[in-house]
There are 2 protein chains.
Amino acid sequence: MAKFKLDDTDHKILDMLIDNTRTAFTDIAKKLGISAGTVHVRVKKMEDAGFITGSSLKLDYEKLGYSFIAYIGVFLQKTSQTQFVMERINEIPFVTVAHVTTGKFNIFCKIRAKDTSHAKNIIYQIDDIEGVTRTETMISLEESINDKKRLMHSIFKDIN
Amino acid sequence: MAKFKLDDTDHKILDMLIDNTRTAFTDIAKKLGISAGTVHVRVKKMEDAGFITGSSLKLDYEKLGYSFIAYIGVFLQKTSQTQFVMERINEIPFVTVAHVTTGKFNIFCKIRAKDTSHAKNIIYQIDDIEGVTRTETMISLEESINDKKRLMHSIFKDIN
DNA sequence: GGTGAAACTTCTAATAA
DNA sequence: TTATTAGAAGTTTCACC
């Protein structure tokens, strides 16, 4: 696949779809002063290039009662156990992301839980994995997200 | 708004839309053996209840050349500066999430950058904020994401 | 590259069960 | 709560710039 460069029109299309993937191509076309067919072709090109990999819903987990977020730093006996432990961690429900990291911790993960007691349960499951010597928990008191739109803007400004 | 409980059909609809928000309601209807109108009504109800808050694209940032992920722990002179520093951090491009946390760090954030030199630049911007005494960087060598679908399944199993 | 229009598919809301 | 229906709206293709 040839290296494919996004232009300003692609960027504007992305901008609208990032906010709402169901934005009608006809609406996008109207706003950008191009035809709906063109929007369709450009979106398809971005999909084919693997740049857009799909779409997903934004869900309100707090409304479902899962408002507890924590980060868990994991220490291992030996670094050679990293892959094994990563696999075990990824099997634990409510772990949302896991990273192998440099620095203080060997592995670092994020969990989303109902409350402290639910979180405790998840942390114990991590502690119980063979090779884990101990964990360190950082509870999130407040989360602020710089949304995708802003990141895309930064990237786009950076590229051009 | 009355407390609204998702049933198994809602769950299956979510499941398909989480994978692809543009899945045709007629396809969902066919698969679940209900009518497209019903799918429409249920999705609308979940939106009205605030449970579905929107939709967004999945983008491949690595393809754009932004494959460097790191977590930055931030130490402050005084905890009373937390809000001020959080606001400054949120103004820095390429910071994707920031948390006020208990434990070792006062603030904890995630950045996405092109490479180490780009990351260094971002970290220096954080270091430069008034009130920040020092930062600690953990570079992600490998990321593994437990996708939304799995989290939803865990939540759904947990609720019912 | 892009357009515009035709052909096709999907959405949506009202009605009825 | 669900099904049916039909008009409105959106998507996709294609011949032609």
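Numbers restart at 1 for each chain; the letters A, B, ... are given by sequence-line order, proteins then strands.
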Report the C-alpha separation of Ile13(A) and Met46(A) in whole Å, then their side-chain angles, then the decisive distance to 0.1 Å, and conclude whether the side chain to side chain contact (heavy atoms under 4.5 Å, CB included) test is met.
-> CA-CA 10 Å; Ile13(A) 292 172; Met46(A) 292 191 275; 4.2 Å; yes

Tell me: CD of Glu47(B) to C1' of dT12(C), nearest whole Å?
-> 13 Å

Show your working on side chain to side chain contact (heavy atoms under 4.5 Å, CB included) between Ile92(A) and Asn146(B) and close with a plain yes or no.
-> CA-CA 9 Å; Ile92(A) 299 173; Asn146(B) 282 333; over 6 Å; no

Give a yes/no on whether any side-chain N or O of Thr38(B) is located under 4.0 angstrom from OP1 or OP2 of dT2(D).
-> no

Taking CG from Asp10(A) and C1' from dG2(C), how many angstroms apart are they, rounded to a whole number?
-> 13 Å

To the nearest Å, give me how far apart CG (Asp27(A)) and P (dA8(D)) are.
-> 18 Å

With a 4.0 Å cut-off on heavy atoms, is Thr26(A) in touch with a base, just the backbone sugar-phosphate, or nothing at all?
-> base

Distance, rounded to the nearest Å, where Lys12(B) contributes NZ and dT2(D) contributes C1' = 16 Å

So, is Arg42(B) close to the dT1(D) phosphate, meaning a side-chain N or O under 4.0 Å from OP1 or OP2?
-> no

Lys30(B) NZ to dA3(D) C1', straight-line distance once rounded to whole Å = 16 Å

Has Lys44(A) got more than 12 heavy atoms of other residues, nucleotides or ligands less than 6.0 Å from its NZ?
-> no

Result for side-chain hydrogen bond (donor to acceptor under 3.5 Å, both in side chains) between Asp10(B) and one of Lys45(B), Lys5(B), Arg42(B) points to Arg42(B)

Integer-rounded Å distance: dG2(C) C1' and Ile13(A) CD1 = 12 Å

Using a cut-off of strictly less than 4.0 Å, decide whether Ser35(A) has a side-chain nitrogen or oxygen near OP1 or OP2 of dG4(C).
-> no

Please state whether the phosphate of dT11(D), meaning OP1 or OP2, lies under 4.0 angstrom from any side-chain nitrogen or oxygen of His40(A).
-> no

Kindly say if Lys45(A) contacts the phosphate of dG1(C), meaning a side-chain N or O under 4.0 Å from OP1 or OP2.
-> yes

Any side-chain N or O of Arg22(A) less than 4.0 Å from the OP1 or OP2 oxygen of dC11(C)?
-> yes

Write down the distance between CZ (Phe25(B)) and P (dA3(D)), rounded to a whole number of angstrom.
-> 15 Å

Looking at the side chain of Ile34(A), which of dT3(C), dT12(C), dT12(D) is the nearest nucleotide?
-> dT3(C)

Looking only at dG10(D), dA13(C), dT10(C), the nucleotide nearest the Lys44(B) side chain is dA13(C)

Does a sphere of radius 6.0 Å around NZ in Lys149(B) hold more than 12 heavy atoms from other residues, nucleotides or ligands, not counting ones at 6.0 Å or beyond?
-> yes

Starting from C1' on dG10(D), measure out to CD1 on Ile28(A) and report it in whole angstrom.
-> 12 Å

